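Numbers restart at 1 for each chain; the letters A, B, ... are given by sequence-line order, proteins then strands. Since we're looking at a predicted model, the values are computed, not measured.
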There are 2 protein chains.
Amino acid sequence: MNLAQGLDRFGLAVGGAIAPIRERLRPFARHQRTAQGAAAALGPERDHLVYMLDGHAKLVARTPGGQDRIVAFHCAGDLVTVPAAGLHAYALAAIRDCNLLAFGRTELLAAVRDDPAMLEAVFNQVIDGLERCRENAVNLGRKSASKRVASFLLTMAKRGGQGAGDAPVVELPMSRRDVSDYLGLTIETISRQISEMRKLGLIATPSRSRVQLLDCEALKARANHFAGAE
Amino acid sequence: MNLAQGLDRFGLAVGGAIAPIRERLRPFARHQRTAQGAAAALGPERDHLVYMLDGHAKLVARTPGGQDRIVAFHCAGDLVTVPAAGLHAYALAAIRDCNLLAFGRTELLAAVRDDPAMLEAVFNQVIDGLERCRENAVNLGRKSASKRVASFLLTMAKRGGQGAGDAPVVELPMSRRDVSDYLGLTIETISRQISEMRKLGLIATPSRSRVQLLDCEALKARANHFAGAE
DNA sequence: CGGATTCTTGAAAGATGTCAAATGGAGTGG
DNA sequence: CCACTCCATTTGACATCTTTCAAGAATCCG
């Protein structure tokens, strides 16, 4: 997804006109290019909102123990809320090269305050982020690894939009390590789950970073665990 | 915490004047009294924002499998974002009798749009909710039960504000079942953790719903697990 | 005071984590 | 274009932790 399309998503919710929006926001934002593997340069002392023009990124929380936990994955068009350093230090790290627009929380609000449609778009995106975080929390609270991984694949498929009808191919730009840090499992467990699903014929793995969902219904059943105890 | 104090929190962020705020919001809100054990009557078809005047509540996500997972606990002064029914059906259920102000997402935005301070207060509260959800997600992603429970107690202590200096007493208005649904553990595991911490002298349990934190530093160490692998 | 619910404790089974080694793919250089 | 090397991923065996199932104790409420 390119810059124009990225802004388009933002623009659609707002009401259409793309160029004017970008121009309005520019004075309040810092445009930033972040190379794969690097973290966006945001001061740790206050909240930020980052609009992703391009690329893929992960929001990482570093625990006091020094371990990294991934809180969210984001792609072009997302507005990412990056908390100031509190109990955990947060960083937005690029999985693939990224172009970002970084706002201070207060500044973004000031920028969109006078434009009701724009304000609503920002509000909606923040709430979207909250709802995704909640879905993630629900997923993490379920114990079994099989449900977490199946649910993860389905979520990525929905967001990726590679909806090739019956058997969509999902791009996983992040490493197994990232997936494990996101799902609260080890890379070995992830790998075992992937293998098991492949043996069961639920998925195929054409390449290291690609997964094809062969049987979405069965995956949903695996994720939701109908009927039985959860 | 009573109604005035509840609004006060909201009011403080806004800039002080309490009565006018309540009056301004009233036309857009539905005031609702929810008895202990009951769920707030919110239509499932759209997002809501609920301001808690009073009481304690839990935000529950019902999975397709029919199991309940608790996504957040809330008390007076909180602005709770309640998502429309999607993958999970959400409900705001009262742990103790509650007085609520329920807004549609769009209506609340319309109500505060013209008041910059008010708008910022709402924005802040939504982002607060997001950040708490993230902290929770980080906590859930950590494997060990001891860390989850220790972290939970510390979080509740910070929010409860019963800061009796060295050994704060934390009120846990929710049942063990609720805690287990929140932390993704079984009630037995919760109970065992509580017992172990008591044996270690980290906490005392004056009553079923009260926990006294005898050694906060040790609890923090237990929660964060300094140095060693996480 | 008594019943019922909630919480606690115990023992065994299952699942995931840990450690170690082998495999395979991706990219590099010849 | 092919071979080689490196590193992420996969697989295996075992230890550990949580769940499960079952029973007993404590607390709350009427």
- Item | Contact pattern, 5' to 3', of nucleotides 1-7 of chain D - B, S or - by protein heavy atom under 4.0 Å | -------
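Not counting sequence neighbours, the partners of A/Thr189 by the side-chain hydrogen bond (donor to acceptor under 3.5 Å, both in side chains) test are A/Thr186. Not counting sequence neighbours, the partners of A/Ala218 by the side chain to side chain contact (heavy atoms under 4.5 Å, CB included) test are A/Leu202, A/Asp215. Take A/Arg210 and apply the side-chain hydrogen bond (donor to acceptor under 3.5 Å, both in side chains) test, not counting sequence neighbours, and it matches A/Glu171. Looking at residues two or more places apart in sequence or on another chain, you find a salt bridge (Lys or Arg N to Asp or Glu O under 4.0 Å) between B/Asp97 and B/Arg33. For A/Arg46, the side-chain hydrogen bond (donor to acceptor under 3.5 Å, both in side chains) test picks out A/Glu107, with sequence neighbours left out. Applying the side-chain hydrogen bond (donor to acceptor under 3.5 Å, both in side chains) test to A/Arg96 and every residue at least two apart in sequence or in another chain returns nothing.
End-to-end axis angle of the helix from C/dC1-D/dG30 to C/dG30-D/dC1, using five pairs per end and rounding to 10°, comes to 50°.
The stretch residues 172-182 of chain B comes close to DNA chain C through B/Ser175, B/Arg176, each having a heavy atom under 4.0 Å from the strand. DNA chain D is contacted by B/Thr189, B/Arg192 of residues 189-206 of chain B, taking any non-hydrogen atom closer than 4.0 Å.
C/dC19 atom P lies 12 Å from atom CD1 of A/Ile187, rounded to whole Å. Between the CZ atom of B/Arg210 and the C1' atom of C/dC7 there is a distance of 16 Å, rounded to whole Å. To the nearest angstrom, P of D/dT19 lies 10 Å from CG of B/Leu183. In this structure, CD of B/Glu188 is placed 7 Å from C1' of D/dT20, rounded to the nearest angstrom.
Separation of atoms CZ (A/Arg142) and CG (A/Asn224) is listed at 6.0 Å; rounding is to 0.5 Å. Here the CZ-CG distance, from A/Phe152 to A/Leu185, works out to 11.0 Å after rounding to the nearest 0.5 Å.
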When the side chains of residues 79-94 of chain A are checked against the rest of the protein, which donor-acceptor pairs come out under 3.5 Å, sequence neighbours left out?
| residue | atom | partner | partner atom | Å |
| --- | --- | --- | --- | --- |
| A/His88 | ND1 | B/Glu135 | OE1 | 2.7 |
| A/His88 | ND1 | B/Glu135 | OE2 | 3.3 |
| A/Tyr90 | OH | B/Glu135 | OE2 | 3.0 |

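Listed by first then second residue, pairs satisfying salt bridge (Lys or Arg N to Asp or Glu O under 4.0 Å) with a partner in residues 178-192 of chain A read A/Lys58-A/Asp178, not counting sequence neighbours.
Using a 4.0 Å cut-off, some side-chain N or O of B/Thr186 falls inside it from OP1 or OP2 of D/dT19.
Nucleic acid contact for A/Leu185: sugar-phosphate only, since backbone atoms but no base atoms lie under 4.0 Å from a heavy atom of the residue.
Counting only heavy atoms from C-beta outward, the side chains of A/Leu183 and A/Asn139 approach each other to under 4.5 Å. No side-chain heavy atom of B/Asp78 sits under 4.5 Å from any side-chain heavy atom of B/Asp128.
For B/Arg134 and B/Glu131, the salt-bridge test fails: no basic side-chain N is under 4.0 Å from an acidic carboxylate O.
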